[in-house]
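Reckoned from all heavy atoms, side chains included, excluding hydrogens, waters and symmetry mates. Sequence lines set the chain letters: A, B, ... in the order given, protein chains first and strands last, and positions in each chain run from 1.
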Amino acid sequence: MTDRELAKAYDPKDVEPRWYAYWIEENVFAAVDDAADPRPVYVLPMPPPNVTGSLHMGHAMTCTLEDILVRSFRMRGYNTLWLPGIDHAGIATQTVIERQLKREGTNRHQLGRERFVERIWEWKATSGGRITEQQRVMGTSADWPRTRFTMDAEMSRAVREAFVRLYEEGLIYRGTRLIYWDCEAQTVLSNLEVENEPAKGELFEFAYQVEGGEGELVVATTRPETMLGDTAVAVHPSDPRYTHLHGKRLVHPFVNRTIPVITDGILVDPEFGTGAVKVTPAHDFNDHATGKRHGLEEISILNLDGTLNAEGGPFAGMDRFVARKAVKKALEDKGLARGSKPHDLVLPRSERSGTIVEPMISTQWFVKMQPLAEPALAAVRSGETRIIPEEWTKTYEHFLSNILDWCISRQLWWGHRIPAFHCTDGHITVTREDTLCRCGTCGKPVTQDEDVLDTWFSSGLWPFSTLGWPAQTPALSKFYPASDLETGYDILFFWVARMMMMGIHFMGKAPFSRVLLHGMVVDETGEKMSKVKGNVIDPLDLIHGATFDTVVEKALPGAPPDEALKKFKRAYPSAAQMGAGFPAYGGDALRFTLASYSPQAKRIPLSPRKIEGYRHFCNKIWNATRFALPFLEGAQVADTPPAATLLANRWILSRLDAVTRTARQGIDDFRLDEATQGLYDFFWNELCSWYLELTKPVFGGRKEDEPRRDDDAARETRDVLAYTLEAAMRLLHPFVPFITEEIWQKLPRPGTA
RNA sequence: GGGCGCAUAACUCAGUGGUAGAGUGCGUCCUUCACACGGACGAAGUCGCAGGUUCAAAUCCUGCUGCGCCCACCA
């Protein structure tokens, strides 16, 4: 096959890897730091995927949308930086490695901290960050040599610097608070990492005897074991049923203490339960606040692993759930149980481990949020940063207006160690140095704080830490603030809000002028993709093709294949009639599909049939070119449209102009769906169905006995067709970069004639 | 308890104060000269329900119904 001939059907497998290699070789994704570079700048920080991650549909969406923006600006002549990276993902990664150790019959404590962390680095070197390889299959045109890992030395320096400055400014403090504790991972969690899940439980009632044998007071609870930490029972001040008990004391049935009856109009709703509330200040947020109001003792009853400590009296050593049953039984045995009824409740679960978290009193590091939140709110209110789709602005405002202090310490080993040192006298020295020997206050020997920082602390610095901050590098001055930040709406609070706060605080300017948010990719019926549901699709299977056996094995690992297949086909009705599997749709078809969904949709139901439709579109592009190429020999293509006299030629040039504006507008407004629709319609209906058909009689030569024409009309049409195709390839390129590159390289274009 | 959003053709979704749109699917026909990953023609919607504003509403407003998401410490 010569240069100017094309295969009859488009085969992405042949084309795509070839051009990716070419782009890398030609270094076309690189941004330029040089202050003297006169071009305008477009900067897009890439959301760093977890080091443990592998490409899923959400990543595919992110890569696609961002690559479209980036390629588009690059083609417009911007000095474009798409900065990629990887997140160390503290708790997620630690969990992965701990599971490995468990399989090997050991654990991190046997290994020791230093060895454990080494082990994670080893793992990272071999299998961590595989996802960045997979991103390349999507055509991701990031400036790869600038890839940052949040645990790199430079990133760590930035993290320490940020911590120290916030500490010195009084915005980071250490405090003893009621926090959420994950008993399995054995670490504190921030509020955002706790998911509240509705559940069916019971409301159990039991009686406290009044001291001196004057009757009883019945309370209701969903967590009977917490009664071991009760330090009061509260009633409503104006509840006539309990007036006679005001000021009395109650006898604890299991531990040697009496507790007061207190009145509290905030905690107690007389309508609920018995109207009397047991108060456990150390294990419940409402009770904690009540305890503060009344000066109650806070008795922690739990060990860090969720078993009961010595305060549990006869129940000490039991797991919290075992203790729950045992306490109920013991209350029954003492004749104090007063029955139970079914009750709908909300269980707080750890986002990561899935276990029910326990409120516990603990000393942790916090960031004071309000002083940081206010400028972040102001930046959006003033329009310095715009959130698109705009409806998210209210959600952002609501979050930042009601924000609580951020607990940033984690009892993990994998992460940025907190740069604080403790001496035996209890002084704390916070330092930028790697290590410290003497207390800054008294000079005694010190040890470093055992804890690490929340992963999101380092990612909150991403827009500037990746550019060399705190050093004043050329990259930092060139590329901060970024132009856009594009990501899924699910991390608006976790990540975007925190970058806004940190960016403004440390750099004095909001980190980006626009925040672009897309929805969650879900299955075709609208269900969230999950391994449990068996509806996960690996984007690479759509690109490369895969039998349903393979697809289903990944969707529902370990399940019987026919059962898994049934589930899968229920989740993707349009795949049900597809025979044995997915054909190789190619990266372009998948990208065009993902871009075609409206970004304001919160749920993006992935439809295999839709991908198929856009694969057909790619084939259409291919064949249109295949038809046109033989007629383009000797075409003159300039940067501006050729002068046209024939109606058809003038018409297609005007349509080209219109679609150019549609595509441009769609990209600028982050309405890529409108851009894809416009491009599809232009190419298929206007260019192929109408214009190409109209050119046939002008060119002639289609039948054996008909000569190819070479008159003015044919020459004008040739030049217009060449110009139009070349321009169409450039318009389509950000969306479907592979096929357009393949074709464009074969087309006559400015400077090649 | 607060907040946000959605309801348009069989499916998935755009859309606009002035005669209802796309893709896919469906029906009939066509392997004819770029493409059957194609072409031609066609069927298909009381734009959730009820009010209101307007010359005009599917589009704006109010209420209702249904669905979804987020935030929140009711024992």
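Without hydrogens or angle criteria, A/His288 side chain to A/Ala282 main chain gives no donor-acceptor distance under 3.5 Å. Panel note: side chain A/Asn535, backbone A/Lys528; a donor-acceptor pair is recorded below 3.5 Å.
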Check: protein-nucleotides 23-27 of chain B nitrogen or oxygen pairs below 3.5 Å:
unit_1, atom_1, unit_2, atom_2, d
B/U24, O2', A/Arg609, NE, 2.7

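In this structure, A/Arg655 fails the cation-pi test against A/Tyr691, since its NZ or CZ atom is not both closer than 6.0 Å to the six-membered ring centre and inside 45 degrees of the ring normal.
Nearest to the side chain of A/His398, among B/C74, B/C71, B/C4, sits B/C71. Nearest to the side chain of A/Phe493, among B/A75, B/C71, B/A14, sits B/C71. Closest to the side chain of A/Glu391, from the set B/G5, B/U12, B/C37, is B/G5. The side chain of A/Tyr489 has B/C69 as its nearest neighbour among B/A34, B/G5, B/C69. Residue A/Ser598 places its side chain closer to B/C13 than to any other of B/C35, B/C13, B/A75. Nearest to the side chain of A/Asn623, among B/A75, B/A34, B/G15, sits B/A34. Closest to the side chain of A/Arg615, out of B/C71, B/C37, B/A75, is B/C37.
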Whenever both distances are under 3.5 Å in a Watson-Crick or G-U wobble pair, mark it; put RNA chain B into dot-bracket that way, with [ ] for crossing pairs and | when the partner is on another strand. (((((((..((((....[..)))).(((((.......))))).....(((((..]....))))))))))))....
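A/Lys610 and A/Ser574 are not linked by any side-chain donor-acceptor pair at a separation below 3.5 angstrom, with hydrogens and angles left out of the test. A/Asp673 and A/Ser596 share no side-chain donor-acceptor pair at under 3.5 Å.
Between the side chain of A/Lys620 and the base of B/C35, a donor-acceptor pair under 3.5 Å is found. Between the side chain of A/Glu693 and the base of B/A34, at least one donor-acceptor pair of N or O atoms lies under 3.5 Å.
Remark: A/Glu693 engages A/Lys696 in a salt bridge, criterion side-chain N to carboxylate O under 4.0 Å. In summary, A/Asp182 and A/Arg352 do not engage in a salt bridge, as defined by a charged side-chain N under 4.0 Å from a carboxylate O.
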For A/Leu732 and A/Phe592, run side-chain contact (heavy atoms from CB on, under 4.5 Å): C-alpha distance rounded to whole Å, both residues' side-chain angles, the deciding distance at 0.1 Å, then the answer. CA-CA 10 Å; A/Leu732 284 162; A/Phe592 206 84; 4.2 Å; yes
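With sequence neighbours excluded, the residues satisfying ring pair (Phe, Tyr, Trp, His ring centres under 6.0 Å) with A/Trp392 are A/Tyr489.
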